[in-house]
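Written out below as structure tokens is the structure these notes cover.
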Amino acid sequence: MNIAISGASGFIGRHLTSFLTAEGHQVTPLGRILFRENMSGLLSQTLSRCDVVINLAGATINRRWTQKYKREIYDSRVHLTHKLVQALHTTVHKPSLFISASAVGYYPVNGVFDEYTGMYGEDYLAELCHAWEREAMKCPAQTRLVITRFAVVLAPDGGAFKKMLLPLKGGVATAIGPGNQPFPWVDMRDLCRTFLFIMEHKGLYGAVNVIAPHIVTQREFTQAVARKYHAWLRITVPAFVFRLLYGEAASFLTTGQCVRPTRLLEFGFVFDSPTVEAFLENLESDMND
């Protein structure tokens, strides 16, 4: 299939592009230039030649949120999705599937949730995800829509896990305070496999949580990593340190959502890394190959 991807040069986009290409699909990156005001016609023409459109674009949230940067976060997700959906409506040949990214930050921080939960949180990230998804839901009726709500995506070459590996090389494992907050996570390999699974299961639509089924706290995750890497020192960095460094953005690190991948499990998806221990074992196996 011909698959168009916005955000193809990002952390997830690079992995997904490599994975889908290896599976025999043709990937067309949707660069930023296509989303300029005078390029809407070319964007529509590009989408007309595609079977699947995947929307991954979005500025990183892992930095201090000034008012200016919060606007950049919003525009890079909500406004870009709006332009993408507009282009889908004007395509001559509608893609059969539109997969638009979101995040488990959509859910409240207190309670256990899945895709059948009819509520979202009240903080900035939840409002952002809600607005982001609302734009995606305006896609053409002829196109199957799947909204993938990502957990923290783990891979050794980027994101949260790469930062965790740095102190581990010195034998130090660090947890983010208070430590008892849920840590929603998913192996990058499972995330990529999820996209192929969605393409192959035409009855799957709507919200899909892309998260490992094993629910852990930040401290439990760090302890599992510490055991695997034989860390001699395990510390919990107090939450106020992250608030000093990141301001409002610290909430992304010091709180978390307890979320289940109910829809994927209902459709029979089998995780390669359902637990933290399995993720670490798979990681070690890959490094030894």
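This is a predicted model, so every value here is computed, not measured.
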For this session: Could you state whether V276 and L165 fall into the same hydrophobic cluster, counting links through intermediate Ile, Leu, Val, Met, Phe, Trp or Tyr residues with side-chain heavy atoms under 4.5 angstrom apart?
Result: yes
Exercise. Quick one: does C192's side chain get under 4.5 Å of L16's, heavy atoms only?
Worked result: yes
For this session: Determine, step by step, whether L280 and R227 satisfy the side chain to side chain contact (heavy atoms under 4.5 Å, CB included) criterion, reporting the C-alpha distance in whole Å, the side-chain angles of both residues, the deciding distance to 0.1 Å, and the verdict.
Result: CA-CA 10 Å; L280 297 172; R227 288 192 298 270; over 6 Å; no
For this session: Locate the shortest heavy-atom distance separating S251 from T255; write the atom from each residue and the value.
Result: O-OG1, 2.5 Å
For this session: Could you verify whether a donor N or O on one side chain and an acceptor N or O on the other, from N180 and T217, lie under 3.5 Å apart?
Result: no
Problem set entry | L80 vs N55 side-chain heavy atoms within contact, under 4.5 Å | yes
For this session: May I ask you to decide whether K83 forms a salt bridge with E37, counting only side-chain N to carboxylate O separations under 4.0 Å?
Result: yes
Problem set entry | Short N-O contact, E135 and R77, less than 4.0 angstrom | no
Exercise. Hey, what's the ring geometry for F161 with F221, parallel, tilted or perpendicular (30° and 60° as the breaks)?
Worked result: perpendicular
For this session: Find out whether M1 and L20 are in side-chain contact, i.e. whether some heavy atom of one side chain is under 4.5 Å from a heavy atom of the other.
Result: no
For this session: Over all heavy atoms of both residues, which pair between F271 and P274 is shortest? Give the atoms and the distance, please.
Result: O-CD, 3.5 Å
Seminar exercise, completed: Closest heavy-atom pair, C139 versus L145, reported as atoms and distance to 0.1 Å, is SG-CB, 3.8 Å
For this session: Go through the steps to decide whether F19 and L191 satisfy the test side chain to side chain contact (heavy atoms under 4.5 Å, CB included), and finish with yes or no.
Result: CA-CA 10 Å; F19 174 80; L191 179 140; over 6 Å; no
Problem set entry | Nearest-0.5 Å distance that lies between atom CG in D114 and atom CD1 in I211 | 11.0 Å
For this session: Would you confirm whether Y124, through its side chain, and K70, through its main-chain N or O, come within 3.5 Å as a donor-acceptor pair?
Result: yes
Problem set entry | Residues R149, E133: salt bridge by 4.0 Å N-O rule | yes
For this session: Indicate, with yes or no, if V85 and M39 share a hydrophobic cluster defined by side-chain heavy-atom contacts under 4.5 Å among Ile, Leu, Val, Met, Phe, Trp and Tyr.
Result: yes
Exercise. Can you tell if the side chain of Y120 reaches within under 4.5 Å of the side chain of E127, non-hydrogen atoms only?
Worked result: yes
For this session: First locate atom OG1 of T60, then atom CZ of F252, and finally report the distance between them rounded to the nearest 0.5 Å.
Result: 7.5 Å
Seminar exercise, completed: Note: L56 and G13 closest approach over all heavy atoms is CD1-CA, 3.8 Å
For this session: Over all heavy atoms of both residues, which pair between G170 and W232 is shortest? Give the atoms and the distance, please.
Result: O-NE1, 3.0 Å
Exercise. Is there a donor-acceptor contact under 3.5 Å from the side chain of S48 to the main chain of V92?
Worked result: yes
Exercise. So, D157 versus H15: side-chain donor-acceptor pair below 3.5 Å or not?
Worked result: yes
For this session: Looking only at non-hydrogen atoms, find the nearest pair between C129 and S102 and report the distance.
Result: CB-OG, 3.6 Å
Problem set entry | Cluster link L204 to M137, ILVMFWY, side chain under 4.5 Å | no
Exercise. Okay, side chain of Q181, backbone of V109: is any donor-acceptor separation there less than 3.5 Å?
Worked result: no
Exercise. Does the ring of Y74 carry R71 above it, NZ/CZ under 6.0 angstrom from centre and within 45° of its axis?
Worked result: yes
Exercise. F269 and R193: side chain to side chain contact (heavy atoms under 4.5 Å, CB included), yes or no, with the steps?
Worked result: CA-CA 9 Å; F269 183 80; R193 291 177 57 244; 3.4 Å; yes
Exercise. When you look at R234 and R219, which way does the side chain to side chain contact (heavy atoms under 4.5 Å, CB included) test go after all the steps?
Worked result: CA-CA 10 Å; R234 305 176 188 183; R219 184 176 294 111; over 6 Å; no
Exercise. Is R63 reaching over with its side chain to a backbone N or O of Y69, donor-acceptor style, under 3.5 angstrom?
Worked result: no
Exercise. Is any side-chain heavy atom of T91 closer than 4.5 Å to a side-chain heavy atom of K94?
Worked result: yes
Seminar exercise, completed: Taken to the nearest 0.5 Å, the spacing of T148 OG1 from R263 CZ works out to 12.5 Å
Exercise. To the nearest 0.5 Å, what is the distance between CG (D190) and OG (S273)?
Worked result: 5.0 Å
Exercise. In terms of the angle between their ring planes, are F267 and H201 parallel, tilted or perpendicular, with boundaries placed at 30° and 60°?
Worked result: perpendicular
Exercise. Quick one: does L264's side chain get under 4.5 Å of N209's, heavy atoms only?
Worked result: no
For this session: Answer whether the closest heavy-atom distance between the side chains of H89 and P140 falls below 4.5 Å.
Result: yes
Exercise. Should we say atom OH of Y205 is surrounded by more than 12 heavy atoms from elsewhere, each under 6.0 Å from it?
Worked result: no
Problem set entry | Sub-4.5 Å side-chain heavy-atom contact between W132 and I147 | no
Exercise. Donor-acceptor pair, N2 side chain versus D51 backbone, under 3.5 Å?
Worked result: no
For this session: Taking atom CZ of R32 as the centre, report whether more than 12 heavy atoms of other residues, nucleotides or ligands fall under 6.0 Å from it.
Result: no
Problem set entry | Main-chain N/O of D272 paired with D187 side-chain donor or acceptor, under 3.5 Å | no
Problem set entry | Cluster overlap F150 with I54, hydrophobic side-chain contacts below 4.5 Å | yes
Exercise. Do the rings of F242 and Y246 sit parallel, tilted or perpendicular, given the 30° and 60° boundaries?
Worked result: parallel
Exercise. Are there more than 12 heavy atoms of other residues, nucleotides or ligands under 6.0 Å from atom CZ of R260?
Worked result: no
Exercise. Got a sec: does the NZ of K162 have more than 12 other heavy atoms crowding it under 6.0 Å?
Worked result: no
Exercise. Which distance, rounded to the nearest 0.5 Å, do you find between the CD of E284 and the CZ of F279?
Worked result: 12.0 Å
Problem set entry | Residues, nucleotides or ligands: over 12 heavy atoms within 6.0 Å of E200 CD | yes
Exercise. What is the distance from atom OG1 of T143 to atom CD1 of I99, rounded to the nearest 0.5 Å?
Worked result: 12.0 Å
For this session: Flag yes if M188 and W185 sit in one hydrophobic cluster, no otherwise; membership is Ile, Leu, Val, Met, Phe, Trp, Tyr, and two members link when side-chain heavy atoms are under 4.5 Å apart.
Result: no
